[in-house]
Asker: 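Sending over a structure as structure tokens; questions will come in a sec.
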Amino acid sequence: MKKSFVRRIARCIGEMGVVSLAVLPLAVSSSWAAPALPAGLTAAQIDDVVARARDAFHVPGVAVAIVHDGQVVFARGYGRRGEDAHSGDVDTRTLFAIGSNTKEFTTTALATLVDAGKLKWDDRVIDHMPEFRVADPAITRDFRVSDLLTHHSGMGEGAGDMMLFSHSTYTRPEVLAALPYMPFTAPFRMDYAYNNLLYVVAGALVEKISGTSWENYVQLHLINAAGLPACQSTPPVKGQMDVATGEGEDSDLPDRATLRLPAVAPAGGIWCSADGVGRWVQMFLNGGKTPEGKTIISTAQRDTVWAPHALLPLPDTAPATQGHFRAYGYGWFTEDFFGKKRVWHTGTIDGMVSYISFLPEMKTGIVVLTNHDDNHATYAIETTLNSLVVTGKSEDWVKHWKDVATAKEAAEAKAAATDGPGSPARPFITLSAQAAHDYVGLYHDDWRGNMHVTQKGAELRLTFDKAIGLSGVLSALPHDLFVVRWDNRAQDAEDDCYVQFLRDMTGKVTDMRMQVVGSDFSFDAQDLHPHRVSDQP
């Protein structure tokens, strides 16, 4: 290729903001043509829906990758790496936290162990991890590897998430030790309830069998082995420049020497770029092999993790997308979409949302990464692009999801004004310092540990052990009921909680119960049963 031609391409890329030659209609020779986008989809359509979604939902940055017919045919970054107007531009190597799209890395790690003959999906967990326990001994004895992965354990939605998120400093062994105290709210293998906790157990199972950490195994056997660029199993650290910052998050990165690996990692800890996830999608569409032919998992295991293993209710959008079933595989949702098979998953963590979707019969995969804590934007972009690939047309999904978001906000505002805490129907009251002192003390929950109610004047505060930064003021309502308003409004405002104190027959405060005021299922305060163990906080 002549140098002058290379310079023209580079200048064109710089002017257009294009980060992939796949969308440039250029030819190097008469026998070469750029890989084409799927029929029905154009670069202009992608740009348009991303622009409209960013505007509608106030998304600072987006990265998109499209895989078709074995090749990455589109990859582009849009907007900023953070909320700060002076943050750098997003490109295809910008690292995003992909949240629960980590789950398929964990199931793929297990699949490599199945391929190696070290594990079977229907093995009992206790046969590999004798220390494994859940609340019911009979369920413990029958709990299979597959039961870790399908969200049908019988535990409640988001059970144990307060040990994984909400500023938690719990280690993975501490999380596993608390597992027997998690309550079951439904029959075993019956009801769907999304669960991160058991994916942490699945990661521990990878560690147990492989003899190395989950982070090391995933990095070596999946990310490095598959050649995923700008992708890592550990959080970014100081010195890494091309890193997105999520909504409400601090852009300062930790020192490598002091980096604390999060317990949640097997359920949501991977950071990856559009280029990295795009190649991950290539591998899956290619039956578990890299574009160069290197096998990461067998096609049989790829098909196993994609297969329906547990049925789910249909979503509200099913009539519009002609959906007739939805199920969960091992780390993947699967459904019919305008008559075609679709495999997909989303991820939300650290103020960012990701979405990966496959249309296997169309030989197409679509990746969307954002740094905004709102899944409406990713749903709008993905549903539009998937519709265009399958049918050549699309409804206005940006408007649809904007209407959904607006209606939800209006309903929440009406509820708060009508009978929410502080409303005329439920006014706050003022306690004397003496009355407030009744609640002061050390409280202990079997799985979440110690909680402290302290007093300064008439003000009461609630804090947690092993949750640096999770603290707030308790505001009183009648009948021993309070609302805790967390100090960190940027990160924790949606997790403000009712706190109900309980008294014994003598009138002494003995226990408390909690429930989120809003609807964040990952702040599973309803599962806490803290008992007062001392009147000294």
Side-chain angles (χ1 to χ4, degrees), residues 156-170 183 248 351 373 412-413 415-503 508-537:
E157 185 178 35
D161 274 2
M162 286 183 68
M163 292 188 290
L164 307 177
F165 307 107
S166 305
H167 310 272
S168 174
T169 60
Y170 270 72
D373 193 11
E412 290 174 349
T418 302
D419 58 4
S423 68
R426 307 186 73 186
F428 288 115
I429 61 174
T430 300
L431 298 179
S432 67
Q434 181 178 358
H437 190 72
D438 280 358
Y439 307 100
V440 171
L442 171 64
Y443 296 77
H444 181 80
D445 178 78
D446 286 338
W447 62 269
R448 191 54 186 79
N450 290 336
M451 303 163 61
H452 306 265
V453 177
T454 57
Q455 181 179 12
K456 184 176 181 180
E459 181 182 90
L460 295 173
R461 293 186 62 80
L462 178 63
T463 59
F464 286 75
D465 281 0
K466 305 182 79 64
I468 299 171
L470 184 63
S471 60
V473 174
L474 288 161
S475 298
L477 294 162
H479 310 301
D480 293 323
L481 182 64
F482 293 75
V483 171
V484 58
R485 179 178 168 87
W486 304 114
D487 297 333
N488 190 331
R489 306 310 294 163
Q491 293 184 12
D492 305 322
E494 293 184 355
D495 297 329
D496 289 347
C497 283
Y498 291 109
V499 180
Q500 178 70 67
F501 289 92
L502 306 177
R503 297 178 185 263
K508 181 180 180 180
V509 172
T510 59
D511 300 86
M512 70 166 79
R513 298 291 182 267
M514 295 178 66
Q515 182 174 314
V516 176
V517 174
S519 58
D520 181 4
F521 75 83
S522 276
F523 202 88
D524 54 323
Q526 74 281 351
D527 289 333
L528 295 172
H529 293 86
H531 180 70
R532 192 181 190 193
V533 296
S534 172
D535 58 7
Q536 298 299 314

Asker: Looking at Gln515, I want to see if its CD is surrounded by more than 12 non-hydrogen atoms of other residues, nucleotides or ligands under 6.0 Å.
Answerer: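 No, because the 6.0 Å sphere around CD of Gln515 holds 12 heavy atoms or fewer from other groups.
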
Asker: Using only heavy-atom distances, determine whether the side chains of His167 and Asp492 contain a donor-acceptor pair under 3.5 Å.
Answerer: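 Side chains of His167 and Asp492: pair found under 3.5 Å.
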
Asker: Quick one, Tyr443 and Asp511 - any side-chain contact, counting heavy atoms below 4.5 Å?
Answerer: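 In short, these two side chains do not touch, never coming nearer than 4.5 Å.
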
Asker: So, Asp535 and His437: side-chain donor and acceptor under 3.5 Å apart, yes or no?
Answerer: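 No donor-acceptor contact under 3.5 Å links the two side chains.
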
Asker: Within a radius of less than 6.0 Å around CZ of Arg513, do more than 12 heavy atoms belonging to other residues, nucleotides or ligands occur?
Answerer: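 Yes, because the 6.0 Å sphere around CZ of Arg513 holds more than 12 heavy atoms from other groups.
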
Asker: Can you list everything that forms a side-chain contact (heavy atoms from CB on, under 4.5 Å) with Ser534? Sequence neighbours excluded, please.
Answerer: Leu442, Gln536

Asker: Starting from the C-alpha separation in whole Å, work towards a yes-or-no answer on side chain to side chain contact (heavy atoms under 4.5 Å, CB included) for Tyr498 and Val517.
Answerer: CA-CA 6 Å; Tyr498 291 109; Val517 174; 3.9 Å; yes

Asker: Is it the case that more than 12 heavy atoms not belonging to Gln455 sit under 6.0 Å from its CD atom?
Answerer: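 Count over threshold, so yes.
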
Asker: How far apart are the C-alpha atoms of Val453 and Phe482, what are their side-chain angles, what is the distance that settles it, and do they pass the side chain to side chain contact (heavy atoms under 4.5 Å, CB included) test?
Answerer: CA-CA 12 Å; Val453 177; Phe482 293 75; over 6 Å; no

Asker: Which residues pass the ring-ring contact (aromatic ring centres under 6.0 Å, His included) test with Phe523, sequence neighbours left out?
Answerer: Trp486

Asker: Is atom CD1 of Ile429 surrounded by more than 12 heavy atoms (other residues, nucleotides or ligands) closer than 6.0 Å?
Answerer: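 Result for CD1/Ile429: enclosed.
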
Asker: Measure the shortest side-chain to side-chain distance between Met451 and Leu462 over non-hydrogen atoms and say whether it is less than 4.5 angstrom.
Answerer: yes

Asker: Go through it in stages, so that I can follow the logic: the residues are Arg448 and Ser168, the test is side chain to side chain contact (heavy atoms under 4.5 Å, CB included), and I'd like the CA-CA distance, side-chain angles, deciding distance and then a yes or no.
Answerer: CA-CA 10 Å; Arg448 191 54 186 79; Ser168 174; 4.2 Å; yes

